[in-house]
Visitor: 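Pasting a structure here, questions to come.
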There are 2 protein chains.
Amino acid sequence: MKRRQWLTMTGTASLGLAALLAACASAPVRGTGDLGVVIGRANGTLYIIDTTARTVLGAVPGLGDLSHASVVFSRDGLFAYVFGRDGGLTRVNLLEQRITQRVLQSGNAIGGAISDDGRIVAAQNYTPGGVKLFDAQTLELLADIATEYAPGRRARVVGLTDLPGRRFAYSLFDADAIWVTDASDPSQPHTTKFNDIGRQPYDALVTPDGRHYIAGLFGEDGLAMIDLWAERPEVRRILGGYGKGQEPLPVYKMPHLRGWAVAGRRAYLPAIGRHEVLVVDTESWQEVGRIPVAGQPVFVMARPDGAQVWVNFSVPDYHRVQVIDTQRQAVVQTLTPGKAVLHMEFTPRGDSVWISSRDDHRVSVIDTRSFATLARLDVPSPSGIFFTSRAARMGF
Amino acid sequence: MKRRQWLTMTGTASLGLAALLAACASAPVRGTGDLGVVIGRANGTLYIIDTTARTVLGAVPGLGDLSHASVVFSRDGLFAYVFGRDGGLTRVNLLEQRITQRVLQSGNAIGGAISDDGRIVAAQNYTPGGVKLFDAQTLELLADIATEYAPGRRARVVGLTDLPGRRFAYSLFDADAIWVTDASDPSQPHTTKFNDIGRQPYDALVTPDGRHYIAGLFGEDGLAMIDLWAERPEVRRILGGYGKGQEPLPVYKMPHLRGWAVAGRRAYLPAIGRHEVLVVDTESWQEVGRIPVAGQPVFVMARPDGAQVWVNFSVPDYHRVQVIDTQRQAVVQTLTPGKAVLHMEFTPRGDSVWISSRDDHRVSVIDTRSFATLARLDVPSPSGIFFTSRAARMGF
């Protein structure tokens with residue numbers, strides 16, 4: 001054998017080894033139960049984080065317009081599905097830190113959901129309006145549900161959430177309707193329609209047990225609720241005074257209903273335009289109290305055990321976070337984790353909370369008992385924070 | 001270069017490649033969120049399962065006596081901690097399908113827990129009595145809490161559960177006591193003791209919100225409860241009639257309190273020695289109803305959304321499983337998935353339930369809406385079934 005030949009062969013072998021090592025290294029043997037992602041709002045980048053080590057593991061760029069982006073996860077916690085504002089739907093392998101599929105599925109969208117069995121991803125769209133169903137493995141389009149409410153006119157869709165039994169519920173802003181789609185056979189989805197639910201539903205949530213679907217109304221006061229466990233589900237109006245007496249507000253100032261907290265038999269929700277959190281009994285659906293807070297609440301989120309409710313605020317109070325003790329029904333702590341707090345996410349057993357401060361380019365990890373800051377992570381313009389433990393929860 | 005030398009070198013390179021490939025192959029790039037384990041009771045083997053593909057991925061033998069074995073998981077879902085009856089505590093890497101550590105930490109034990117932050121594993125022991133705390137990564141012993149209630153006498157420990165803030169609650173069978181240990185500093189755990197809680201606590205549970213710790217009493221009727229959210233927690237007796245008028249029963253026939261289901265504001269629990277499930281209001285802690293069932297209930301488990309409660313039974317009715325609709329408060333389905341049903345585990349969003357039938361050597365996967373059997377897996381003498389999604393839940 002000639003020396004050159006030998007070098008070539010060993011060189012190839014080395015390259016092979018190196019490639020294999022790189023492949024192994026890029027996808028280490030590790031679990032996915034403690035992974036999460038942070039939306040890099042300004043640069044279209046998904047930051048992958050480790051909630052045990054409290055570190056940033058990597059960054060995946062190329063996800064388009066991520067303002068108001070949201071994320072759901074595959075059952076195994078390996079894949080994140082990122083819904084961008086520009087209609088982009090991107091599937092990211094969290095261990096390999098790479099995009100596996102990306103589709104521009106509409107011109108303007110705002111979020112999505114994944115079916116309880118993890119097989120179908122649904123996106124809710126503004127332009128054109130409707131809901132699209134995708135195969136969760138391939139992102140192949142399975143169905144396009146046109147939310148046509150008049151010839152040639154498709155309603156914008158908001159408040160999309162998963163329900164048990166491969167179903168999805170969502171609201172039609174332009175059609176004053178709530179639709180529930182059964183995607184058992186995703187090529188032929190079956191939709192139940194609730195009409196005249198109230199004017200202009202703008203967001204919605206499902207309670208943690210999947211029983212009550214509640215839509216906020218932009219065009220009038222109060223909320224529309226459906227008891228999905230009823231033998232014949234129907235729309236009922238609750239909290240008639242919700243939003244009452246307020247000046248009409250632009251949509252971008254409306255608080256997120258997803259931020260509703262249900263703790264024990266009480267729900268906590270942001271008052272509209274007032275420095276208050278409303279307390280509602282979830283059996284009577286009557287308001288039973290109000291808690292004064294430091295500003296106009298945006299997200300009102302319960303620690304998983306329901307013992308605390310954490311609140312962030314809109315401008316000019318968006319550097320603050322307050323903690324309500326649900327036993328005392330009062331604020332017990334005020335924190336200032338950084339400028340422009342946009343989102344909060346609890347670890348699944350509630351021992352810590354992760355808070356994004358967009359203008360300080362920082363994510364803070366805070367102990368929910370001592371309120372000590374456990375870690376600070378540098379992330380450019382962080383907004384939404386999402387942990388893989390959401391895969392195990394309904395409506396997340 | 002000589003031919004022999006070349007062959008040796010390329011041979012080594014090939015071996016290296018093969019080893020690398022094997023290493024990669026033995027630990028594939030996959031998530032851990034949809035993994036689970038089934039206890040092989042008769043052969044000391046842990047069967048690793050995939051709840052998405054509904055298959056057995058592998059078997060890990062050598063875990064000792066696994067009768068009444070229970071399992072907790074690391075935060076990342078990569079490691080299972082298996083507590084054997086013989087005092088064995090084994091840490092298993094689920095992706096590599098191998099034992100990473102194993103200690104015989106006592107002579108006779110029955111279960112354990114993992115702290116909310118995933119850093120400490122606790123084992124409850126009969127012989128000698130006490131609780132041992134271990135480092136979750138290394139299984140190094142951090143503390144041995146001797147449950148000494150009289151000079152030289154250590155109480156047997158039951159009903160161990162995790163609580164928020166790196167705490168554990170447990171009951172002392174021989175000392176009529178409940179202890180709550182704060183392991184913030186695991187080398188110097190701090191214990192709060194509740195005495196005279198009632199005679200011979202034999203099992204206990206914590207409600208899903210971590211608020212109420214409830215111990216069943218073997219030596220008298222009724223249950224002992226502590227409201228852990230109270231400013232000064234104290235023991236209160238509830239359900240004074242629980243177990244009343246029954247002949248003294250051997251412990252092995254007592255229903256598992258872990259089987260309690262809390263759904264909405266109602267709790268469902270097995271009646272002792274009667275063919276009934278009791279319904280209890282979780283605000284008043286009064287009995288509010290009884291539901292007739294097909295036998296003496298053992299496990300009474302709520303589907304995660306609380307819309308259904310599933311029940312299995314002791315001999316001679318242990319081939320049956322019944323489903324209670326919590327809206328109608330009545331049995332709506334009776335299934336016969338196989339002989340000697342020992343355990344049930346719901347997928348985290350409740351779309352299916354996995355049921356072990358020991359004497360048919362079968363695990364059945366059942367759709368909780370249609371009650372169709374989705375899959376049957378061959379597993380020798382299966383007993384407990386545990387999914388990694390437990391890592392995200394308190395008291396599991």
Side-chain angles (χ1 to χ4, degrees), chain A residues 1 3 6 9-10 13-14 16-17 20-21 23-24 27 29-35 50-52 73-79 93-96 116-118 162 164-166 208-211 229 263-265 283 304-307 327 347-352 368-369 388-389 391-394, chain B residues 1 3 6 9-10 13-14 16-17 20-21 23-24 27 29-35 50-52 73-79 93-96 116-118 162 164-166 208-211 229 263-265 283 304-307 327 347-352 368-369 388-389 391-394:
Chain A
M1 181 176 290
R3 183 181 147 80
W6 158 246
M9 288 186 74
T10 49
S14 298
L17 276 168
L20 266 171
L21 280 168
C24 285
V29 177
R30 59 154 298 154
T32 49
D34 59 349
L35 297 182
D50 174 336
T51 66
T52 301
F73 295 94
S74 59
R75 293 187 81 238
D76 58 3
L78 182 58
F79 298 100
N93 183 313
L94 298 179
L95 290 183
E96 296 177 346
D116 58 350
D117 63 358
D162 60 288
R166 234 192 220 179
D209 55 9
R211 175 170 181 172
W229 288 8
R265 64 177 280 181
E283 296 207 353
D305 64 358
Q327 290 294 97
T347 50
R349 291 212 262 171
D351 46 307
S352 63
T368 62
R369 290 171 74 88
T388 54
S389 49
R393 298 182 67 180
M394 212 176 323
Chain B
M1 181 177 289
R3 183 180 147 79
W6 159 247
M9 288 186 74
T10 50
S14 299
L17 276 168
L20 267 171
L21 280 168
C24 285
V29 177
R30 59 154 297 154
T32 49
D34 59 349
L35 297 182
D50 174 336
T51 66
T52 301
F73 296 94
S74 59
R75 293 187 80 238
D76 58 3
L78 182 58
F79 298 100
N93 183 312
L94 298 178
L95 290 183
E96 296 177 345
D116 58 350
D117 63 358
D162 60 287
R166 233 191 221 179
D209 55 9
R211 175 169 180 172
W229 288 8
R265 64 177 280 181
E283 297 207 353
D305 65 357
Q327 290 294 97
T347 50
R349 291 212 262 171
D351 46 307
S352 63
T368 62
R369 290 171 74 88
T388 54
S389 49
R393 298 182 67 181
M394 212 176 322

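Proteins come first, then strands; the chains are lettered A, B, ... in the order of their sequence lines, and each starts at number 1.
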Visitor: Is there a donor-acceptor pair under 3.5 Å between the side chain of B/Arg393 and the backbone N or O of A/Pro348?
Guide: no

Visitor: Which atom names give the shortest non-hydrogen contact between B/Arg349 and A/Ala391, and what distance separates them?
Guide: NE-O, 3.2 Å

Visitor: Give the minimum heavy-atom separation between B/Arg30 and B/Asp50, together with the two atoms involved.
Guide: NH1-OD2, 3.1 Å

Visitor: Most heavy-atom pairs under 4.5 angstrom with chain B, which of A/Gly306, A/Gly350, A/Ala392, A/Gly77?
Guide: A/Ala392

Visitor: Where does B/Ala307 contact chain A at under 4.5 Å (heavy atoms): side chain, backbone, both or neither?
Guide: both

Visitor: Could you check whether any side-chain N or O of A/Asp76 sits under 3.5 Å from a backbone N or O of B/Gly33, counting only pairs where one atom can act as donor and the other as acceptor?
Guide: no

Visitor: Measuring heavy-atom distances to chain A, does B/Asp162 have an atom under 4.5 Å in its side chain, in its backbone, in both, or in neither?
Guide: side chain

Visitor: Please report the closest heavy-atom contact between A/Asp209 and A/Trp229, naming both atoms and the distance.
Guide: O-CZ2, 3.7 Å

Visitor: If I measure from the heavy atoms of chain A, does B/Arg369 come under 4.5 Å with its side chain, its backbone, both, or neither?
Guide: side chain

Visitor: Counting heavy-atom pairs under 4.5 Å with chain B, which one of A/Thr347, A/Leu78, A/Thr32 comes out on top?
Guide: A/Thr32

Visitor: Looking at chain B, which one of A/Thr51, A/Leu94, A/Asp117, A/Thr388 has the largest number of heavy-atom pairs inside 4.5 Å, strictly under?
Guide: A/Thr51

Visitor: Go through the atoms of B/Arg211 and report whether side chain, backbone, both or neither lie under 4.5 Å from a heavy atom of chain A.
Guide: side chain

